[in-house]
Chemist: 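Take this structure first; my questions come after.
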Amino acid sequence: MNKILLYIALLLTSLGLYSCEEEIDMKYKTSEPQLVVDAVFTDVDQEHYVILSKSAEFDSGEPNPYISDATVTLSDGENEITLSEMEETPGTYVIPQAYHAIYGKTYTLSISGVDINLDGEEELYEASNTLKPVAPVDSVGLTWTTAYGQKEWQVLLYSKDPEETRDFYAFSVSVNNELITPNISELEFADDKYFNGNDVVGVWVQSIIEEDEDGEVTKYPLKEGDWVKLEMQGLNEDYYNFILAVDIETGIKVPLFSGPPANVPTNISNGGIGFFRVYSVSQDSIQVTTEILNQRDS
């Protein structure tokens, strides 16, 4: 009982302190700038991009400045290509469409010709990642629900997880070829710890929200004839752990006064941050029919 009374006294004291208003000039320790790498490479026959920027000061309120005129190469251990920077988008370097990842190969991204800390000496940054295969998506389903405080379509996966390997997955979704989960924090992800080697039959892996918990209507109310595409990404464990760390650090902390955020892991050498993401893709689509819409409209 004494401990409870002491806790209540401390809580009331802290509330009293917070009721006072005072302008405080916070002083932050300025750290050296770091290279920020956002790079993706898959087995899909399309252009891929490497985006380079430099971390801004904590209290600057400014976006990270992009890094131009770097030398960026991609190697598979046998062949190496040099990426071109897009003239219209400084800091964005293009992996040509004809060059895509192959299962089992390890790819190394190298970035040189940059002086991030402005000490007069150029630096070299590298990151490596290996492409793992992914199970095929057999089909996709949609089911309507209002059970989670918002009105949404649950996107359902039908597939079969291979038994011989431990596998890691992430899931994104597009409506009429417009990606509605563009950020890493919006990906749903899972490993096969509890369903290794089993059939995956109508498992909910993504959502299309039509009305959020505040009653706001989103831009994605499905209508007849729309196409919904589910993309299943086959990850290696390092990238899976990166997504998991992003989810932990960007999500709601419970309890409120939980520990300070930890550094999100990176595979960029020499003090760089970000991640060179290499993953395989399996996908399938479903067209919205009157029968599907009847779930929502009934």
Side-chain angles (χ1 to χ4, degrees), residues 34-54 66-86 89 91-116 121-137 161-172 184 187 189 191-192 231-246 263-283:
Q34 296 171 282
L35 178 69
V36 182
V37 180
D38 181 8
V40 61
F41 189 44
T42 77
D43 59 339
V44 178
D45 189 16
Q46 65 180 35
E47 288 184 340
H48 297 90
Y49 301 94
V50 176
I51 303 174
L52 304 181
S53 60
K54 181 168 65 173
Y66 291 110
I67 302 298
S68 289
D69 301 321
T71 299
V72 183
T73 63
L74 182 64
S75 171
D76 63 2
E78 299 175 358
N79 302 296
E80 180 178 281
I81 61 172
T82 300
L83 312 189
S84 299
E85 185 177 8
M86 298 179 66
T89 312
T92 299
Y93 301 79
V94 183
I95 302 174
Q97 180 174 344
Y99 196 71
H100 58 265
I102 298 173
Y103 300 149
K105 284 200 171 187
T106 298
Y107 294 88
T108 300
L109 182 71
S110 298
I111 301 156
S112 60
V114 295
D115 181 13
I116 302 300
E121 297 184 5
E122 292 186 349
E123 300 130 18
L124 171 65
Y125 300 85
E126 291 187 332
S128 296
N129 213 328
T130 302
L131 185 76
K132 290 189 63 176
V134 63
V137 176
D161 180 75
E163 185 175 3
E164 7 356 286
T165 55
R166 186 179 180 193
D167 298 288
F168 303 88
Y169 303 102
F171 303 93
S172 67
I184 291 177
L187 294 174
F189 55 95
D191 67 38
D192 66 356
E231 178 179 284
M232 182 164 68
Q233 303 170 1
L235 319 179
N236 57 44
E237 190 169 3
D238 287 345
Y239 181 32
Y240 173 83
N241 289 333
F242 174 78
I243 296 177
L244 177 61
V246 169
N263 290 332
V264 173
T266 177
N267 62 355
I268 313 298
S269 70
N270 202 18
I273 55 179
F275 214 87
F276 173 39
R277 299 173 275 153
V278 178
Y279 57 86
S280 51
V281 173
S282 178
Q283 57 192 23

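This one's a predicted model, so the numbers in the text were calculated from it and none came from an experiment. In what follows, residues are counted from 1 in the order of the sequence shown.
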Chemist: I'd like to know if the side chain of Tyr279 pairs up with that of Asp43 as donor and acceptor (distance under 3.5 Å, no hydrogens or angles considered).
Modeler: no
Chemist: Search all heavy atoms of Ile268 against all heavy atoms of Ala127 and return the closest pair with its distance.
Modeler: CD1-CB, 3.6 Å
Chemist: If I take atom CD1 from residue Ile51 and atom CD1 from residue Ile67, how far apart are they, to the nearest 0.5 angstrom?
Modeler: 13.0 Å
Chemist: Kindly give the heavy-atom pair with the smallest separation between Ser280 and Tyr103, and that separation in Å.
Modeler: CB-CE2, 3.7 Å
Chemist: Is it true that, when you exclude Tyr99 itself, more than 12 heavy atoms of the residues, nucleotides or ligands shown sit nearer than 6.0 Å to its OH?
Modeler: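 Count over threshold, so yes.
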Chemist: Check whether any side-chain heavy atom of Asp76 sits under 4.5 Å from a side-chain heavy atom of Ile102, and report yes or no.
Modeler: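 Not touching, per the 4.5 Å side-chain cut-off.
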Chemist: Considering non-hydrogen atoms only, spot the tightest contact between Glu85 and Ser68 and give its length.
Modeler: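 The pair with the smallest heavy-atom distance is OE2-OG, 2.7 Å.
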Chemist: Say whether Glu122 and Ser112, considering side chains only, have a donor N or O and an acceptor N or O under 3.5 Å apart.
Modeler: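 Note: Glu122 and Ser112 side chains miss the donor-acceptor criterion.
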Chemist: Would you find a donor on one side and an acceptor on the other, under 3.5 Å apart, between the side chain of Gln34 and the backbone of Gly271?
Modeler: yes
Chemist: Could you walk me through whether Thr108 and Ser128 pass the side-chain hydrogen bond (donor to acceptor under 3.5 Å, both in side chains) test, one step at a time?
Modeler: CA-CA 4 Å; Thr108 300; Ser128 296; 2.8 Å; yes
Chemist: Take the angle between the ring planes of Phe168 and Tyr240 and call it parallel below 30°, perpendicular above 60°, tilted in between.
Modeler: tilted
Chemist: What verdict does the side-chain contact (heavy atoms from CB on, under 4.5 Å) test give for Thr92 and Val50, after you've listed the backbone C-alpha separation in whole Å, the side-chain angles of each residue and the deciding distance to 0.1 Å?
Modeler: CA-CA 6 Å; Thr92 299; Val50 176; over 6 Å; no
Chemist: Do you know which two heavy atoms are closest between Thr266 and Gly274, and how far apart they sit?
Modeler: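 Thr266 and Gly274 have their closest heavy atoms at OG1-O, 2.7 Å.
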Chemist: Can you tell me which residue among Thr106, Leu235, Asn267, Leu131 is in a side-chain contact (heavy atoms from CB on, under 4.5 Å) with Val278?
Modeler: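 Testing Val278 for a side-chain contact (heavy atoms from CB on, under 4.5 Å) against Thr106, Leu235, Asn267, Leu131 leaves exactly one candidate, Leu131.
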Chemist: Dump the intermediate steps for side-chain hydrogen bond (donor to acceptor under 3.5 Å, both in side chains) on Ser269 and Glu126, then the final yes or no.
Modeler: CA-CA 5 Å; Ser269 70; Glu126 291 187 332; 5.5 Å; no
Chemist: Apply side-chain contact (heavy atoms from CB on, under 4.5 Å) to residues Tyr125 and Ile116 and explain how you reach the verdict.
Modeler: CA-CA 11 Å; Tyr125 300 85; Ile116 302 300; 3.5 Å; yes
Chemist: Restricting to non-hydrogen atoms, name the atom on Ala170 and the atom on Ile243 that form the minimum distance, rounded to 0.1 Å.
Modeler: CB-CD1, 4.1 Å
Chemist: Without swapping roles, check the side chain of Thr165 against the backbone of Asp167 for a donor-acceptor pair under 3.5 Å.
Modeler: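 Not at all, since once roles are kept as given, no pair shorter than 3.5 Å links the two residues.
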Chemist: Would you check if Phe275 and Asn129 make a side-chain contact, meaning some heavy-atom pair closer than 4.5 Å?
Modeler: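 A side-chain contact under 4.5 Å exists here.
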Chemist: Is the number of heavy atoms from other residues, nucleotides or ligands within 6.0 Å of CD (Gln46) greater than 12?
Modeler: yes
Chemist: Measuring from atom CG of Leu74 to atom CD1 of Ile81, what distance do you get when rounded to the nearest 0.5 angstrom?
Modeler: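 Here the rounded value is 5.0 Å.
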Chemist: For the pair Phe189 and Tyr169, evaluate ring-ring contact (aromatic ring centres under 6.0 Å, His included) and give the outcome as yes or no after the intermediate values.
Modeler: CA-CA 5 Å; Phe189 55 95; Tyr169 303 102; over 10 Å; no
Chemist: Can His100 and Thr42 be counted as having a side-chain donor-acceptor contact under 3.5 angstrom?
Modeler: no
Chemist: Answer yes or no: is there a side-chain heavy-atom contact under 4.5 Å between Asp69 and Val114?
Modeler: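 No. Closest side-chain heavy atoms not under 4.5 Å.
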Chemist: Specify the closest pair of heavy atoms between Arg166 and Lys132, including all atoms of both residues, with the distance to one decimal.
Modeler: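 Reported closest heavy-atom pair: O-NZ, 3.0 Å.
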Chemist: Got Gln233 and Leu187 here, is their nearest side-chain heavy-atom distance under 4.5 Å?
Modeler: yes
Chemist: If we only count heavy atoms from C-beta on, is the Thr73 to Leu83 side-chain gap below 4.5 Å?
Modeler: no
Chemist: Does any part of the side chain of Tyr49, heavy atoms only, come nearer than 4.5 Å to the side chain of Ile95, both counted from C-beta?
Modeler: no
Chemist: Is the shortest side-chain heavy-atom distance between Leu35 and Glu123 below 4.5 Å?
Modeler: no
Chemist: With a 3.5 Å distance limit and no angle check, can you tell me whether Ser282 reaches the backbone of Val137 through a side-chain donor-acceptor pair?
Modeler: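 Yes; judged by distance alone, with no hydrogens or angles, the pair exists.
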Chemist: Checking Asn236 side chain against Thr130 main chain: does a donor-acceptor pair fall under 3.5 Å?
Modeler: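 Checked: pair present.
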Chemist: Can you check whether Val72 reaches Ser110 side chain to side chain, under 4.5 Å on heavy atoms?
Modeler: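 The answer is no, as the side chains (C-beta and beyond) never meet within the 4.5 Å cut-off.
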